[in-house]
Asks: 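Before anything else, here's the structure in question.
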Amino acid sequence: MLRNNNVVARIFQRQIQTPPPGTSVHCARRFYENLVPSFTIYDVECPDHSFRKFTDDGQYLISFSRNHQDLIVYRPTWLSYSYKQEDCHLPSRAKRFDSFFTQLYCVPLASSNEVICKDFFLYVITNQFGLFATSTAQIHDAPAIGGAIQGVPSIERITFHLLRLEDGVILDEKVFRNDFINLAHNMGVFLYDDLLAVVSLRYQTIYILQIRESGNLVDVRAIGAFCREDDELFLNSNSQRMAVADRSKLHQSSGNHVDNGVHSNQLNSDNSFLSGIKQRLLSFIFQGIWSEETDKFQRVQCLKKKFYFHFQDYVDLIIWKVQFLDRHHLLIKFGSVDGGLQVSRNADHHPSFFAVYNMETTEIVAFYQNSADELYLLFEQFCDHFYAMSRNSSYMNFISSHSNNIHALEQLRSIKYKASSLSQFVKKMLTSLPFSCQSLSPSPYFDQSLFRYDEKLISATDRHRPSTDHPIKFISRRQPHTLKFKIKPGPEAGSLDGRTKKVSSFLFHPFLPLALSIQQTLFLQPSVNIHFRG
């Protein structure tokens, strides 16, 4: 069900100013084939912190205290130690965490009843600002009042903190009260240049903020109940005129004044209008179906079958997730309430839809179901542009995708050919849209033009992975049987209990041959290894 089907392609084509990043960019990185993290320090002596990630420019390592109250920021320092392959014994000081990282500061972020959301962090690379979040505990059975969606939890207080990472100064804060924003892996927040989109699942509102160079978080617009700045004023003024007209009729009537008065108050207090964004969506769907048929009889039958029959289904859709496509367009994912709360896992089992919204004209300009071949083709051809990163984030050119890398494309097509159902394959691929912001590592060791590795155990995506006692091998692409290096999380001798479930996370520096692997086992202290070029 589409109109202006090529609008997304036009948005992406306007962004293409240089040749695809799969050519000269990847050729320039070939020296990394021989500059690899070839040595590992196991169970390094390090602070008991929760390590989050390197910033995308490699300047900072972000970590949080174990009680999730404090932010601790480190500066990576290049080693002054070296070894020969036959004699790889480093001095004891070299095996300490502070030989690789220098602590810059420790800043308390959370109040007594709040904790830091350890899976949330966004980096404004132009100003070296960091955006962090703290929140109180979720209330799962919160009543749906004030226009809230039934079944969506509530959080009493969510606070976004904007910090200058150079010195740890808190520049500004933005507080959301009695709301629910999905902060896991940045899912509910998207950063594009200096614009920030924050999705309130509970109140179905997309808040657009601007991050000023001065370090202020400025409200730009709110998209949800209203789409234009003066929508609320217009509706209130009209409702006041209607109320005056109703009162004049009541004075002229000799009927039951009490009953009519109560009924009138109920109409005024009950919000019977659909939200502005929902009205835009329904209008777009209606017009799209209307234009499909020229014959009046066929048009009516088509509207009955495709629009009115599904009308309540469309009305019940809620906003799940949002991302920028450029400074003017948003990609919005709609679905059921249940699916919205499971966005990270089982959302592919729920029907969902994608809409492209123009913030300037307040119009829906494209609409797709999650099984639409047209959207999948755009996803296959323009995957890089769906990440919609800052124009100043040149490091994004280094991230492999099936749009810029022949090996990733062959892998995608292999999965496609093996799929038992093309429709289910398309749904599975489109589950990742909209992309989570800053969720991929730009490290050259994830460049699929250079290395081949087991993506079930390690990848550029910022997620925990199942951990094994076997090292993860990085094989040369140009020399298919040549092992370039290995990454082994956990103790050097392996786990004593092979039945215990373990997960690992990997933090790769964006350009240095330096990485952290953190293996976590239930009820045990995390095991931190440092992998570097010896």
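Values reported hereafter were calculated over all heavy atoms of this structure, with side chains retained and with hydrogens, waters and symmetry mates removed. Everything numeric in this text was worked out from a predicted model, so none of it was measured.
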Asks: Is there a side-chain contact between F160 and V198 in this structure, where contact means two heavy atoms from C-beta onward sitting under 4.5 Å apart?
Replies: yes
Asks: Can you name the closest pair of heavy atoms from S423 and S371 and give their distance?
Replies: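 For S423 and S371, the tightest heavy-atom pair comes out as OG-CB, 3.8 Å.
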Asks: Could you tell me whether D193 and R327 make a salt bridge, using a distance below 4.0 angstrom between a side-chain N and a carboxylate O?
Replies: yes
Asks: Give a yes-or-no answer on whether the side chains of H161 and T134 include a donor-acceptor pair shorter than 3.5 Å.
Replies: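 Indeed, the side chains of H161 and T134 share at least one donor-acceptor pair under 3.5 Å.
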Asks: Test S50 against H68 for side-chain hydrogen bond (donor to acceptor under 3.5 Å, both in side chains), laying out the working first.
Replies: CA-CA 8 Å; S50 175; H68 301 140; 5.0 Å; no
Asks: Does the distance from a Lys or Arg side-chain N to an Asp or Glu carboxylate O, for K174 and D219, drop under 4.0 Å?
Replies: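 Yes.
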Asks: Are the side chain of S63 and the backbone N or O of R52 linked by a donor-acceptor pair below 3.5 Å?
Replies: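 Such a contact is absent between S63 side chain and R52 backbone.
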Asks: Report yes if some heavy atom in the side chain of T159 is under 4.5 Å from a heavy atom in the side chain of E114; otherwise report no.
Replies: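 Yes; the side chains approach each other to less than 4.5 Å.
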Asks: Do I458 and F474 pass the side-chain contact (heavy atoms from CB on, under 4.5 Å) test, and can you show the C-alpha distance, the side-chain angles, and the key distance before you say yes or no?
Replies: CA-CA 10 Å; I458 193 169; F474 285 72; 3.9 Å; yes
Asks: How long is the gap from OH on Y192 to SG on C437, to the nearest 0.5 Å?
Replies: 11.5 Å
Asks: Mark yes when over 12 heavy atoms from residues, nucleotides or ligands other than E213 sit less than 6.0 Å from its CD; otherwise mark no.
Replies: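 Open: at most 12 neighbouring heavy atoms sit under 6.0 Å from CD of E213.
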Asks: Is it true that S401 and D384 share a donor-acceptor pair across their side chains at a distance under 3.5 Å?
Replies: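 Yes, a side-chain donor-acceptor pair sits under 3.5 Å.
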Asks: Please find the pair of heavy atoms, one from A197 and one from I208, that lie closest to each other, and give the distance.
Replies: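 For A197 and I208, the tightest heavy-atom pair comes out as CB-CD1, 3.9 Å.
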Asks: Any non-hydrogen side-chain atom of F324 less than 4.5 Å from a side-chain atom of L330?
Replies: yes
Asks: If only atom types and distance count, is the side chain of Q438 paired as donor or acceptor with the main-chain N or O of Y123 below 3.5 Å?
Replies: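 Checking the backbone N and O of Y123 against the side chain of Q438, a donor-acceptor pair under 3.5 Å is found.
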Asks: Charged N to carboxylate O below 4.0 Å: is that the case for R96 and D98?
Replies: yes
Asks: Would you mind reporting whether L375 and F367 have side-chain heavy atoms less than 4.5 Å apart?
Replies: no
Asks: Enter the distance from S443:OG to D56:CG here, rounded to the nearest 0.5 Å.
Replies: 11.5 Å
Asks: Look up atom CD in Q138 and atom CZ in F180, then write down how far apart they are to the nearest 0.5 Å.
Replies: 4.5 Å
Asks: Would you confirm whether K321, through its side chain, and P434, through its main-chain N or O, come within 3.5 Å as a donor-acceptor pair?
Replies: yes
Asks: For the backbone of C106 and the side chain of D70, can you confirm whether one donor and one acceptor N or O come within less than 3.5 Å of each other?
Replies: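 Looks like no, no N/O pair under 3.5 Å.
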Asks: Can you measure from NE2 (H49) to OG (S65) and round to the nearest 0.5 angstrom?
Replies: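 Reported to 0.5 Å precision, the distance equals 7.0 Å.
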Asks: Heavy atoms, side chains only, cut-off 4.5 Å: are F129 and R164 in contact?
Replies: yes
Asks: Does the side chain of M429 come within less than 4.5 Å of H402's, by heavy atoms?
Replies: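 The answer is no, as the side chains (C-beta and beyond) never meet within the 4.5 Å cut-off.
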Asks: Let me confirm one number: the CG-CG distance from L209 to D194, rounded to the nearest 0.5 Å.
Replies: 11.0 Å
Asks: Please verify the inter-ring angle class for Y32 with Y445; under 30° counts as parallel, over 60° as perpendicular, anything in between as tilted.
Replies: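 It falls in the perpendicular class, over 60°.
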Asks: For the pair S421 (side chain) and Q424 (backbone), establish whether a donor and an acceptor sit closer than 3.5 Å, ignoring hydrogens and angles.
Replies: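 Yes, the answer is positive, given that a donor and an acceptor are paired below the 3.5 Å cut-off.
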Asks: What pair of heavy atoms forms the shortest contact from S403 to F379, and how long is it?
Replies: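 Looks like OG-O, 4.2 Å.
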Asks: Among L378, L430, L433, which residue meets the side chain to side chain contact (heavy atoms under 4.5 Å, CB included) test with Y368?
Replies: L378
Asks: Rounded to the nearest 0.5 Å, what separation is found between the CG atom of N34 and the NZ atom of K484?
Replies: 4.0 Å
Asks: Counting only N and O atoms by type, is there a donor-acceptor contact under 3.5 Å from the side chain of N216 to the main-chain atoms of V218?
Replies: no
Asks: Short question: side chain of N358, backbone of H329 - any donor-acceptor pair under 3.5 Å?
Replies: no
Asks: Applying side-chain contact (heavy atoms from CB on, under 4.5 Å), run through L163 and L109 and close with a yes or a no.
Replies: CA-CA 10 Å; L163 272 76; L109 276 188; 3.8 Å; yes
Asks: Would you tell me whether S449 and N405 have side-chain atoms, one donor and one acceptor, within less than 3.5 Å of each other?
Replies: yes
Asks: Walk me through it: do Y453 and Q448 pass the test side-chain contact (heavy atoms from CB on, under 4.5 Å)?
Replies: CA-CA 9 Å; Y453 45 86; Q448 294 191 39; 4.0 Å; yes
Asks: Do D462 side-chain atoms and S441 backbone N/O form a donor-acceptor pair below 3.5 Å?
Replies: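 Such a contact is absent between D462 side chain and S441 backbone.
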Asks: Relative to each other, are the rings of Y74 and F51 parallel, tilted or perpendicular (30° and 60° limits)?
Replies: tilted
Asks: Start with the C-alpha gap between L514 and I530, add the side-chain angles, then the distance that decides, and say whether side-chain contact (heavy atoms from CB on, under 4.5 Å) holds.
Replies: CA-CA 7 Å; L514 176 65; I530 296 182; 3.9 Å; yes
Asks: Test F508 against H531 for ring-ring contact (aromatic ring centres under 6.0 Å, His included), laying out the working first.
Replies: CA-CA 9 Å; F508 276 72; H531 313 270; 7.7 Å; no
Asks: Would you call S200 and F176 a side-chain contact if the rule is heavy atoms closer than 4.5 Å?
Replies: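 S200 vs F176: side chains apart.
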Asks: Would you please test F334 and F353 for ring-ring contact (aromatic ring centres under 6.0 Å, His included) and show each step?
Replies: CA-CA 5 Å; F334 290 90; F353 301 86; 8.4 Å; no
Asks: With a 4.5 Å limit on heavy-atom distance, are the side chains of L483 and I475 in contact?
Replies: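 In contact.
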Asks: Please check if the side chain of T55 supplies one atom and the backbone of Y60 the other of a donor-acceptor pair under 3.5 Å.
Replies: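 Present.
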Asks: Say whether T482 and S476, considering side chains only, have a donor N or O and an acceptor N or O under 3.5 Å apart.
Replies: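 Judged by distance alone, the side chains do not pair up.
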Asks: I'd like to know if the side chain of H509 reaches the main chain of F54, judged simply by a donor and an acceptor atom lying under 3.5 Å from each other, with no hydrogens or angles considered.
Replies: no
